[in-house]
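Notes to accompany the following structure.
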Amino acid sequence: MRTEERQIFGEYIKSEGLKETAPRNRILNAFLNSEDHVSAEDIYLLVNRGKRKVGFTTVYRTMKLISDCGLAREVMFDDGIARFEHTLGRKHHHHLICTRCRKVIEFTSKTMEDAEQALLKKNEFELQYHKYEIFGLCKACREQVGHK
Ligand SMILES: [Zn+2]
Ligand SMILES: [Zn+2]
Ligand SMILES: [Zn+2]
């Protein structure tokens, strides 16, 4: 499982003159087994559930390596915490972010992308990149705070 990712990471590590170490592999595994949008802190907690501790700096640096080799992308929402999401085999998408529980829902919208194309054309504006982030309360949180 996840051989492709492991191979990409292994080759990148080698090309950087670094070694595949047990902590690096544990961090990679934790990331590969995690859901989308995990922070370095989340990964740190995940890898340290075992007995042998991995330092936060190692986690942070390894997450950078995982990003640099193209397996993850850093995303930043409103709270200033860098989170990492998987990139391999993922399509272009956007996010709905719950400000209460920090749940992140991914979405794609052809309507939005088409509206943007029209807007760009009208303003003779060349796109470099875009992101749509919508903040609010998810269904579970709405129920908990009594918003119908
Ligand atoms: Zn929520
Ligand atoms: Zn995402
Ligand atoms: Zn888009």
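For ligands, and for the atoms within them, numbers begin at 1 and follow the listed sequence. If you're wondering where the values come from, they're calculated on a predicted model, not measured in any experiment. Reckoned from all heavy atoms, side chains included, excluding hydrogens, waters and symmetry mates.
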Please state whether the separation between the Zn ion (ligand 3) and some N/O/S atom of Glu116 is under 2.8 Å?
no
Between atom NZ of Lys131 and atom CZ of Phe77, what is the distance when rounded to the nearest 0.5 Å?
8.0 Å
Of all the N, O or S atoms in Glu113, which one sits nearest to the Zn ion (ligand 3)?
OE2
is_close_aromatic(Phe84, His37), centroid dist under 6.0 Å:
no
Degrees at the Zn ion (ligand 1) between the SG atom of Cys138 and the SG atom of Cys141, nearest 10°:
110°
Among the N, O or S atoms of Glu85, the one nearest the Zn ion (ligand 2):
OE1
Answer key: the N, O or S atom of His130 nearest to the Zn ion (ligand 3) is NE2
Can a donor-acceptor pair be found, under 3.5 Å and without considering hydrogens, that links the side chain of Lys53 to the backbone of Asn48?
yes
To the Zn ion (ligand 2), the closest N, O or S atom belonging to Glu106 is OE2
Of all the N, O or S atoms in His95, which has the shortest distance to the Zn ion (ligand 2)?
NE2
If we only count heavy atoms from C-beta on, is the Leu65 to Arg24 side-chain gap below 4.5 Å?
yes
Metal site the Zn ion (ligand 3): N/O/S of His93 inside 2.8 Å
no
Please say yes or no: joined through hydrophobic side-chain contacts below 4.5 Å, possibly via intermediate residues, are Leu137 and Phe107 part of one cluster?
no
Would you call Asp78-Arg102 a salt bridge at under 4.0 Å N-O?
yes
Hey, are the side chains of Val54 and Tyr44 touching, using non-hydrogen atoms and a 4.5 Å cut-off?
no
Nearest 10°: the angle subtended at the Zn ion (ligand 1) by Cys101 SG and Cys98 SG?
110°
